[in-house]
Amino acid sequence: MTSRDSSNPATTNSRLLPRLRTGRPSARTTAGWATGLLLVAGFVVPVDFVTEEPGPTFNTIGDYEGRQLISIDGAKTYDVSGNLDMTTVSVAGGPNTTLTAVPALASWLSSTSTVLPSDLLYQPTVTSEQVAEQNTADMTNSQEIAQAAALNYLGKPVKEKLKVASLTENSPSQGKIQEDDILLKLGSTTLENYGQIAEILDKNRDKPLAVTVSRDGKEITETITPQRSDDHGRYLLGLALDRSYEFPFKVKYGLEEVGGPSAGMMFALGIIDELTEGKMTGGVHFAGTGTIESNGDVGPIGGIAQKMVGAKDAGATVFLTPADNCDEVVGHIPEGLSVVKVSNLTEAADAVKKIGAGEDPSTFPTCTAE
C-alpha cells in the first residue's frame, strides 16, 4: 500500500515493506481460526442423525402440477370441493442425504423438528436406493389397499388374494408353507382380507394353529405355532404376503414424488368423495394421515407432530389422526387446528361428512392426556 508520513519528508510517497511476524499468534487469532475451522467442519462433516421437519401437503381431491391426484376410469364420479390433504414429513440424514452438524443443531433447536439417531430408523447397511425402492413399493401398495378399503366402505366388496412372497429367517412356517402358496384359512376362519390375520394371531397367541393354503390347485393344511415378535410383541407366522385385488374400475394417481404408506386413509377418503354424490367436505379444509387396511382399519404413522404443523401451514382447520398416535399428538397441536381421532375409515368418513355439513369439530372424539 502507499503511505504518507508528513513528519518525515524522506518517507513521502515511499512504499513500505511488509512487517515480518515473529513469535506465536495471539489468543484472539487462535480463537478466530479455531472458530472458523469448527464452522467449516459443522457444514461439511456428516453426523449420524436424521431430522424430520414439516413437509408439503397434497390435496387428494385436487390437482398437482396439472394432474389430478386421484383419477377414476370406469366408474361414475361426482364434483368435489374443499380439501382432503395428505401430509408429509421432510427427512434429511441417514441413507437419504448427507446431514452435517450445523443443520442438525438448527433442527434440534426448532420447535417443529425432530432429530433422531440414524440407527433408530434405518439399518446401518441400508442404501438410499433401497429406501427409495421401499418407499415407492409402500406407496403403491397403500394406494391399492385404499381403493379396496373405499369399495368395501361403499358396500362393493373386493376379493383379496393373499399370496406368500417369502418366508422370514427362522420362520415357524419353514418346511410347511412355500412361496406362491395362497393363504386361505387360519383355524376355522376363511380369510377375506389381510387385516384378519393379526386379529386371529393375537387371539391365538403361541398355540398351534391350523393354516390352510392353496398350492397347485390343491388345499393343504399345516399346523404351525406362531412366534412372538421381539420388535412389536405380536405373534407372527413368519410370512411376507403379497396382496392383490380384482377391481371393477381403475384408479390413477398423479403423485410420484412422495413415498411410504401413511397416505392410505386420505387416498381412501378421496376415492369415496369422488364416487359419492354431493360434496362430502362441504368446502372445509381437512388434512390427515394414517395407514389403511382393506377392512378399513386405520393404523399409526411417524412424524405426526410435523404433519400437523404442515397441515396448519397449508390452511387446514381439521386434522384426522389415527387413534394409536394420540400419545404423540397431545401437546403438539398447532393453535387453530381441530384434531379428530379415528380408528377406522367409517369414523373418518363420518367425521368428514358431518363436519362438512356444519357440525362443530370440537364435538368429535379427540386426543386427550390420560
Side-chain angles (χ1 to χ4, degrees), residues 55-88 139-140 142-158 245-258 262-292 294 296 298 307 310-321 336-340 342 344-361 363-364:
T57 65
F58 303 91
N59 184 10
T60 60
I61 54 174
D63 297 335
Y64 175 67
E65 294 186 345
R67 295 176 296 178
Q68 268 191 283
L69 256 71
I70 294 175
S71 178
I72 299 175
D73 292 333
K76 183 175 177 57
T77 59
Y78 300 89
D79 291 338
V80 295
S81 67
N83 287 62
L84 289 170
D85 288 356
M86 55 172 281
T87 51
T88 67
M139 173 62 86
T140 300
S142 73
Q143 290 169 344
E144 292 180 350
I145 299 171
Q147 184 175 350
L151 285 170
N152 287 332
Y153 169 84
L154 292 170
K156 303 174 182 179
V158 177
Y245 308 90
E246 297 176 5
F247 292 125
F249 56 81
K250 186 173 183 179
V251 177
K252 297 179 182 178
Y253 297 90
L255 184 65
E256 299 176 354
E257 291 79 2
V258 180
S262 65
M265 178 182 70
M266 300 310 294
F267 279 132
L269 289 172
I271 294 169
I272 291 169
D273 195 2
E274 292 198 17
L275 292 174
T276 303
E277 190 171 5
K279 298 180 179 180
M280 191 165 79
T281 70
V284 175
H285 194 147
F286 291 90
T289 187
T291 63
I292 194 71
S294 57
V298 172
K307 290 182 176 181
K312 180 63 169 58
D313 289 346
T317 57
V318 180
F319 189 88
L320 304 173
T321 183
L337 187 68
S338 296
V339 171
V340 177
V342 297
N344 54 60
L345 185 57
T346 297
E347 292 176 358
D350 286 351
V352 171
K353 291 177 181 178
K354 291 176 180 178
I355 294 171
E359 292 193 27
D360 186 348
T363 62
F364 289 79

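This structure is a prediction, so every number in the text was calculated from the model and none was measured.
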Asks: With heavy-atom distances below 4.5 Å as the criterion, would you say the side chains of Lys354 and Thr363 are in contact?
Replies: no
Asks: Under 3.5 Å, side chain of Ser262 to main-chain N/O of Thr291, donor-acceptor pair present?
Replies: no
Asks: For the side chain of Asn83 and the backbone of Phe286, is there at least one donor-acceptor N/O pair under 3.5 Å apart?
Replies: no
Asks: Could you measure the distance from the NZ atom of Lys312 to the OG1 atom of Thr317? Nearest 0.5 Å is fine.
Replies: 9.5 Å
Asks: Which heavy-atom pair separates Ser81 from Gly283 by the least distance, and what is that distance?
Replies: OG-N, 3.5 Å
Asks: Taking the side chain as C-beta and beyond, is there a heavy-atom pair between Glu347 and Val298 under 4.5 Å?
Replies: no
Asks: For the NZ atom of Lys252 and the CG atom of Leu69, what is their distance to the nearest 0.5 Å?
Replies: 14.5 Å
Asks: Could you go step by step and tell me if Thr88 and Phe58 meet the side chain to side chain contact (heavy atoms under 4.5 Å, CB included) rule?
Replies: CA-CA 9 Å; Thr88 67; Phe58 303 91; 3.9 Å; yes
Asks: Where do Gly264 and Ala146 come nearest, in terms of heavy atoms and distance?
Replies: O-CB, 3.5 Å
Asks: To the nearest 0.5 Å, what is the distance between CD on Glu274 and CD on Gln68?
Replies: 5.5 Å
Asks: Which heavy atom of Ala263 sits nearest to which heavy atom of Met86, and what is that distance?
Replies: CB-CE, 3.8 Å
Asks: Donor-acceptor pair, Asp85 side chain versus Thr87 backbone, under 3.5 Å?
Replies: no
Asks: Testing the basics here: between Leu275 and Ala75, what is the closest heavy-atom pair and its distance to 0.1 Å?
Replies: CD2-CB, 4.0 Å
Asks: With heavy-atom distances below 4.5 Å as the criterion, would you say the side chains of Phe267 and Ile292 are in contact?
Replies: no
Asks: Looking at every heavy atom in both Ala351 and Leu320, which two are closest together, and how far apart are they?
Replies: CB-CD2, 4.4 Å
Asks: Looking at Thr57 and Ala311, would you say the former's side chain and the latter's main chain have a donor-acceptor pair under 3.5 Å?
Replies: no
Asks: Start with the C-alpha distance between Ile272 and Leu154, add both sets of side-chain angles, then the distance that settles side chain to side chain contact (heavy atoms under 4.5 Å, CB included), and finish with yes or no.
Replies: CA-CA 7 Å; Ile272 291 169; Leu154 292 170; 4.2 Å; yes
Asks: Below 4.5 Å, heavy atoms only, C-beta onward: do Thr321 and Val340 meet side chain to side chain?
Replies: no
Asks: NE2/His285 to CG/Leu84 distance, rounded to the nearest 0.5 angstrom?
Replies: 9.0 Å
Asks: With a 4.5 Å heavy-atom cut-off, do Val80 and Met280 have their side chains touching?
Replies: no
Asks: Could you tell me whether the side chain of Thr60 reaches within less than 4.5 Å of the side chain of Tyr253, counting heavy atoms only?
Replies: no
Asks: Taking atom OG1 of Thr281 and atom NZ of Lys353, what is their separation to the nearest 0.5 Å?
Replies: 12.5 Å
Asks: If I take atom CG from residue Asp63 and atom CG from residue Leu255, how far apart are they, to the nearest 0.5 angstrom?
Replies: 12.0 Å
Asks: Could you pull out all residues at least two apart from Lys156 that satisfy side-chain contact (heavy atoms from CB on, under 4.5 Å)?
Replies: Leu151
Asks: Between Met265 and Ala348, what is the shortest heavy-atom contact and its length?
Replies: SD-CB, 3.9 Å
Asks: With heavy-atom distances below 4.5 Å as the criterion, would you say the side chains of Gln147 and Ile271 are in contact?
Replies: yes
Asks: For the side chain of Asp273 and the backbone of Leu269, is there at least one donor-acceptor N/O pair under 3.5 Å apart?
Replies: no
Asks: Is the closest side-chain donor-acceptor distance between Lys307 and Thr289 under 3.5 Å?
Replies: yes
